[in-house]
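Just follow the structure's listing: the first ligand is 1, and inside any ligand the first atom is 1.
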Amino acid sequence: MQKNYYITTPIYYVNDVPHIGHAYTTLACDVLARYKRLTGYTVKFLTGTDEHGQKVEQSAQKAGITPLDYATKYSAHFQRLAKTLNISNDDFIRTTEPRHKQAAQALWHKLEANGFIYLGSYAGWYSVRDEAFYQESELVNGKAPSGAPVEWVEEPSYFFKLSAFEQPLLDYYAEHLDAIAPKSRYNEVLSFIKGGLKDLSISRTSFAWGIPVPNNEKHIMYVWLDALANYLTAIGYPNEQSPDFKNFWGNVTHVVGKDIVRFHAVYWPAFLMAAGLHLPQRVYAHGWWTNEGQKISKSVGNVIDPYALIDTYGLNAVRYFLLREVPFGQDGDFSHTAMIRRINTDLSNDLGNLCQRVFSQVFKNCNGLTRPETLTAEDTALLEKAYTLPATVGKELDTQAFHKALEEIWNVIGDANRYVDAQAPWALKKTDTERMKAVLYTLVETIRCVGLILQPFMPDAMLALLDFLHIPTEQRNWVFVTAAHALQTVSLDEPKPLFPRFVEA
Ligand code: MSP
């Protein structure tokens, strides 16, 4: 049976250039998409840009250009970032595209036809920076809980009957304990719902940059209703019979930052219920990065530019670091020292040196070696551990535990390093060349497995490694991590270090 997987990033606001937070979410989704493809899934991986709303309109006004020109310029930054990070997205959606206007308006129609929209007027607080409405009781010292300024808004508005979904959402989450992760976010969402859901204002009249409400063009759709609909647009909605819709709406994972859980785990499922559509299987909310211990903010001037990171440390190291350093779901701190430690210890020492030692010995002493007839208990123990990687790593990735997945891989790398020290193949060269070959074979075969498993995390470096080992392209998915597909011969060119040490300039 065909296995399908739909993975989405939030769509990014085009009011500014991308920073590390955007790179992080997209990267996490990329690892999941690549992992699923390598384990036989048909994947749709969507990212894109959120281009409407007051925030973008105001930024464009400041820049003195039209909102669309502004959005086009900043959307291009996000598209370029995806390329630079070697992101394997299958689609990039812009909410200013005609396909999206059509889908968002169709969703509106559906909610209206099903009796969940009514016209009224809104009087309350709004934060342009968060693009969110807040209750008086939520404000902290006159600001949004996020610290963003709020303004008083009074205008005619359409409302969505969110209050009608309080009980249905509670019932749903009582049965779907894994629908929101990590658990702390699940609990947060539940207590928010239990606190009572008020109807939600879903249109604005005091500015124009948005998708018009069908049949009442004085109103534009609230940017979050517009934005959330992107997940449906990209799979062909409103055509629920389209192949993409049929294939992918059944298995959806939304990865988001912790600040936008409410939109994805309260409003979005309520809209979907109202439209008679399935709910996503999973909403995973990751934590936030700080920079050398400080909150990242434009006013502080400590925003981390992903391009600068890649220039300084290289793409593979950046991808590895972001997913290894901090348990996904928790907040984490970016620091130069921590980055260097990961590069020099995990990548250069543990994995890079292992490869270099093993490959140079093969190259110098026994190139063309074949799979040995007999293996010792130590050889078999190492290989068997390597062959368990698809199961152990897959289990962690299925719950978005990237850091644990990498820990599992580094356990095997650690075992391989202990094995090479204990077996000392360089000493065997003089005493027992057959044994030396068996040891080196065992190591190269272990490295093959590690290389296959690490592909989602560091696709460029692993491409180079697997090419170096002459692994045919069609033998690179995870089913090949078994004894049945073990290397038959090992013929190597002269090796070059895979992960050079980072030396301070
Ligand atoms: N446009 C909305 C999402 C709409 S989805 C239907 C939005 N965009 S955003 O550009 O402001 O933020 C996108 C993502 O970046 C969010 O998931 C947010 O959590 C993440 N990050 C922003 N700053 C961050 C850090 N400092 N660290 C980690 N992620 C952070 O919200």
Side-chain angles (χ1 to χ4, degrees), residues 7-29 46-56 59 71 74-75 77-78 81-82 85 92-96 100 103-104 107 127-132 144 146-148 185 209-211 221-234 252-269 271-272 280 283-300 302-306 309 321-323 325-334 400 402:
I7 174 89
T8 69
T9 73
I11 48 172
Y12 303 111
Y13 286 128
V14 287
N15 61 309
D16 209 346
V17 291
H19 60 65
I20 193 178
H22 307 115
Y24 184 51
T25 322
T26 306
L27 180 58
C29 292
L46 175 69
T47 185
T49 41
D50 188 354
E51 305 191 2
H52 292 128
Q54 219 169 347
K55 179 154 75 170
V56 173
S59 303
Y74 282 87
S75 177
H77 285 294
F78 285 94
L81 179 66
L85 290 168
F92 187 102
I93 190 167
R94 298 185 54 191
T95 53
T96 47
H100 180 65
L107 180 64
S127 157
V128 175
R129 196 169 92 193
D130 296 351
E131 296 285 17
S146 61
R185 300 293 161 207
W209 182 233
I211 297 180
M221 286 168 60
Y222 173 38
V223 66
W224 269 101
L225 173 55
D226 159 350
L228 287 161
N230 93 87
Y231 302 131
L232 293 175
T233 308
V252 189
T253 297
H254 298 308
V255 176
V256 299
K258 65 178 185 179
D259 52 319
I260 55 173
V261 176
R262 185 188 296 184
F263 301 96
H264 284 84
V266 181
Y267 302 164
W268 181 227
F271 297 152
L272 291 169
V283 172
Y284 195 102
H286 65 68
W288 270 44
W289 285 91
T290 50
N291 185 0
E292 308 277 351
Q294 265 203 316
K295 191 172 177 221
I296 296 178
S297 100
K298 248 172 87 175
S299 49
V300 178
N302 64 348
V303 174
I304 302 176
D305 169 11
L309 283 189
F321 174 85
L322 290 178
L323 294 173
E325 184 66 8
V326 174
F328 205 55
Q330 293 180 22
D331 290 343
D333 187 42
F334 179 88
Q400 294 81 37
F402 300 97

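Residues that satisfy the salt bridge (Lys or Arg N to Asp or Glu O under 4.0 Å) test with D259, not counting sequence neighbours, are absent from this structure.
Side chains of S59 and Y13: a donor-acceptor N/O pair is absent below 3.5 angstrom, by distance only. For D226 and H100, the side-chain atoms include at least one donor-acceptor pair closer than 3.5 Å.
Here the two rings, on Y24 and F328, have centers that are under 6.0 Å apart.
For the atom pair CG (L309) and CD1 (I304), the distance works out to 6.0 Å, reported to the nearest 0.5 Å.
Between E51 and R94, at least one side-chain N (NZ, or NE/NH1/NH2) sits under 4.0 Å from a carboxylate O, which counts as a salt bridge.
Closer than 4.0 angstrom to ligand 1 lie heavy atoms from P10, I11, Y12, Y13, H19, G21, H22, D50, W224, A227, L228, N230, Y231, V256, G257, D259, I260, H264, H286, G287, W288, W289.
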